[in-house]
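One structure, as structure tokens, below. Some questions next.
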Amino acid sequence: MSQPHVVHTIPDIRAAVLRARAEAGAKGVGSPRVAFVPTMGALHDGHIALVRRAREIADVVVVSIFVNPLQFGDPNDLEKYPRTLDADVAALDGAGADLVFAPSGEDMYPSGPPATRVTGGDVSMRFEGKTRRGHFDGVLTVVSKLFYIVQPDVAVFGQKDAQQVFLVKQMVRDLDMPLTIEVLDTVREKDGLAMSSRNRRLDARERTAALALFRALDAAASAADRGIDASLAAAQAALMGENGVELDYLAIIDPATFRPVDDGHRGAATVIIAAQVGATRLIDNETVYFG
Ligand code: PAF
């Protein structure tokens, strides 16, 4: 495996994917499969795990790197988002990507913000969508556009963005998009912090404070045998007195509906959390079994 080939325009990536499919076919692969990993760059080991998984399940692997302005409500957040294309391509070296699609804003949206949007309905307005109005419409619009451009057989996403995963799967079902969605567990640092491109914005003190999110999830999981309310209370207790961590939401949702479960719930449920740590917004989640 070597460095991927980087292309910047929509016609070039379409042609490159067709060529790569044909080349895989010429090597004797019956129906070559294309796997796609959409990213906004600032790649970390969590992204690399997605690319490695894509390599395992497909013959051609495409990674996109595009900081999508449509999904940022706050212009400051968009401006501060790390853009590290050279380092990202170097990080992909040996991970198994064949092609990197790194378009500019003008390539993706030549007439400015598009009038046509994909919307995620009720779930897209809860939790992340409540604090970040329009965020998921921006995500779904760019993801559907990328799916039409790359035409993958499978796309690989990380469970860390649980609500995004739910909404992308819903979109694929609702619009009969001809691909499957593969989801990989969250990759964590040794001390439990979920890997995120945003972590690099944390200073040393904030990095320590950010661990409170993982501790809250852990506390919720440890109290699961006492039911949903006790589990939520344990998570809240774990956050008490955490200076520098401003909780946005903490909830336990049914993974089938992304709606909060009640205390009588039995079976799997996902504890979701979001908090502001200094100037950085972090999210995390963990699926827990309530017996
Ligand atoms: O998860 C992300 O990095 C982004 O939301 C995505 C899926 C690449 C769309 O811009």
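Small disclaimer: the values here were computed from a predicted structure and weren't measured. Atoms within a ligand are numbered from 1 in the order they appear, just like the ligands themselves.
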Taking the side chain as everything from C-beta on, heavy atoms only, tell me whether K160 gets closer than 4.5 Å to M195.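 No - every pair of side-chain heavy atoms lies 4.5 Å or more apart.
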Partner residues of D161 under the salt bridge (Lys or Arg N to Asp or Glu O under 4.0 Å) criterion, sequence neighbours left out: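 None.
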Enclosure of D185 CG (heavy-atom neighbours >12, cutoff 6.0 Å):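 Count not over threshold, so no.
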Got a sec: does the CD of Q276 have more than 12 other heavy atoms crowding it under 6.0 Å?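 Enclosed: over 12 neighbouring heavy atoms sit under 6.0 Å from CD of Q276.
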Dump all N/O pairs between ligand 1 and the protein below 3.5 Å as a table: atom names plus distance, one pair per row.
{"from": "ligand 1", "atom 1": "1 (O)", "to": "Q164", "atom 2": "OE1", "distance (Å)": "3.4"}
{"from": "ligand 1", "atom 1": "1 (O)", "to": "Q164", "atom 2": "NE2", "distance (Å)": "2.8"}
{"from": "ligand 1", "atom 1": "5 (O)", "to": "Q71", "atom 2": "NE2", "distance (Å)": "3.0"}
{"from": "ligand 1", "atom 1": "5 (O)", "to": "Q164", "atom 2": "OE1", "distance (Å)": "2.7"}
{"from": "ligand 1", "atom 1": "10 (O)", "to": "Q71", "atom 2": "OE1", "distance (Å)": "2.6"}

For residues 31-38, tabulate all N or O donor-acceptor pairs below 3.5 Å that involve a side-chain atom, not counting sequence neighbours.
{"from": "R33", "atom 1": "NE", "to": "I57", "atom 2": "O", "distance (Å)": "3.2"}

Pairs of donor and acceptor atoms involving the side chains of residues 75-82, under 3.5 Å and at least two apart or interchain, shall be tabulated with distances.
{"from": "D77", "atom 1": "OD1", "to": "R198", "atom 2": "NH1", "distance (Å)": "3.3"}
{"from": "D77", "atom 1": "OD1", "to": "R201", "atom 2": "NH1", "distance (Å)": "3.3"}
{"from": "D77", "atom 1": "OD1", "to": "R201", "atom 2": "NH2", "distance (Å)": "3.1"}
{"from": "D77", "atom 1": "OD2", "to": "R198", "atom 2": "NH2", "distance (Å)": "3.4"}

